[in-house]
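Input: a single structure, listed below in structure tokens.
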Amino acid sequence: GDSVTQMEGPVTLSEEAFLTINCTYTATGYPSLFWYVQYPGEGLQLLLKATKADDKGSNKGFEATYRKETTSFHLEKGSVQVSDSAVYFCVCGSEKLVFGKGTKLTVNP
Amino acid sequence: EAGVAQSPRYKIIEKRQSVAFWCNPISGHATLYWYQQILGQGPKLLIQFQNNGVVDDSQLPKDRFSAERLKGVDSTLKIQPAKLEDSAVYLCASSLTQGARSGELFFGEGSRLTVL
């Protein structure tokens, strides 16, 4: 079945630092790829998505590009803020959504 | 727009006892999901409903877990009898469309179960 491997955390950064969270996937066919985020005390919510190869998903300054040749969907942000502190999940979707284990990000002022 | 509602938020029981969780999805969302999230892991799909029919329950431990969505709206997930390894957060989600490729899932805040 499909699987997702994402960078283990926790990740701690200072405000305005550059963020990369690596994610690779294994899937049959051509899945859609997502990043979901869980802020403290809140439910999981969709951050961005890409549905086909070379698509770039973006939202709130975050970006991720669907790379079929490397089966990757790395999450990046050029300048993180304290409010970005959360747990980030890389998700692969073919027949069903398969979640990575999550990466906890803490941004210090 | 009201989000996905879940209750209770927290539940502590002893092993071999039973527990039930309730979920009310976003109005108009035909697809409803129950996920299990064990500490340190990503959510795992337990069961997916389309209206009141089951689409996927391949990862539901049917000897102890059951779920229903009788009128195609709210849903109940039951565990009986509970085991220590059932300690987890149970997440309910809903979506407008069926299928993992296109739809955005809307999650509730979850029900945290501790089995002692």
Side-chain angles (χ1 to χ4, degrees), chain A residues 1-10 21-53 55 57 59-60 66 68 73 75 86-104, chain B residues 1-10 21-26 29 31-50 54-60 67 88-112:
Chain A
D2 297 353
S3 66
V4 173
T5 303
Q6 67 178 98
M7 187 170 112
E8 299 223 358
I21 301 177
N22 291 334
C23 171
T24 57
Y25 67 92
T26 304
T28 54
Y30 303 96
S32 293
L33 299 173
F34 310 84
W35 279 96
Y36 274 77
V37 59
Q38 187 169 32
Y39 298 103
E42 299 184 19
L44 277 160
Q45 56 188 274
L46 179 66
L47 179 61
L48 54 84
K49 71 176 184 181
T51 57
K52 61 183 188 298
D55 267 3
N59 186 23
K60 299 182 179 180
Y66 189 143
K68 185 170 177 294
F73 193 56
L75 182 68
V87 182
Y88 293 82
F89 292 89
C90 184
V91 184
C92 175
S94 299
E95 298 302 317
K96 65 180 99 177
L97 292 187
V98 175
F99 284 75
K101 291 187 176 182
T103 303
K104 183 176 182 180
Chain B
E1 177 181 85
V4 176
Q6 290 189 247
S7 67
R9 289 294 312 280
Y10 304 93
F21 301 112
W22 174 83
C23 171
N24 192 29
I26 292 174
H29 283 194
T31 311
L32 185 147
Y33 313 78
W34 283 102
Y35 284 83
Q36 180 193 56
Q37 185 176 14
I38 292 173
L39 186 64
Q41 299 183 20
K44 181 185 82 172
L45 179 68
L46 292 176
I47 188 166
Q48 177 183 341
F49 292 94
Q50 179 69 13
V54 175
V55 173
D56 184 349
D57 64 356
S58 57
Q59 297 190 93
L60 187 74
V89 177
Y90 290 87
L91 299 169
C92 180
S94 68
S95 65
L96 268 174
T97 59
Q98 183 183 347
R101 291 182 188 278
S102 59
E104 174 180 354
L105 270 62
F106 295 83
F107 284 83
E109 293 184 1
S111 295
R112 183 179 297 275

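Heavy atoms only: backbone and side chains are in, while hydrogens, waters and symmetry mates are out.
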Query raised in the report: Heavy-atom distance under 4.5 Å to chain A: side chain of Gln6(B), backbone, both or neither?
Result: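 Neither part, no heavy atoms under 4.5 Å.
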Query - Heavy-atom pairs under 4.5 Å with chain B, option from Val91(A), Leu44(A), Val98(A), Val87(A) with the top count - result: Leu44(A)
**Report entry** Partner chain A: residue of Ala93(B), Gly108(B), Gly110(B), Pro43(B) with the largest heavy-atom pair count (under 4.5 Å)
**Finding:**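 The answer is Pro43(B).
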Query raised in the report: Which value, rounded to the nearest 0.5 Å, describes the distance between Ile38(B) atom CD1 and Lys101(A) atom NZ?
Result: 11.0 Å
Report summary line: Tested for side-chain contact (heavy atoms from CB on, under 4.5 Å) against Leu47(A), the lone hit among Tyr88(A), Phe89(A), Tyr36(A) is Tyr88(A)
Requested in this report: Kindly assign one of parallel, tilted or perpendicular to the pair Phe21(B) and Tyr90(B), based on the angle between their ring planes and the thresholds 30° and 60°.
Outcome: parallel
Query raised in the report: Parallel, tilted or perpendicular: which describes the rings of Tyr66(A) and Phe73(A), with under 30° parallel and over 60° perpendicular?
Result: perpendicular
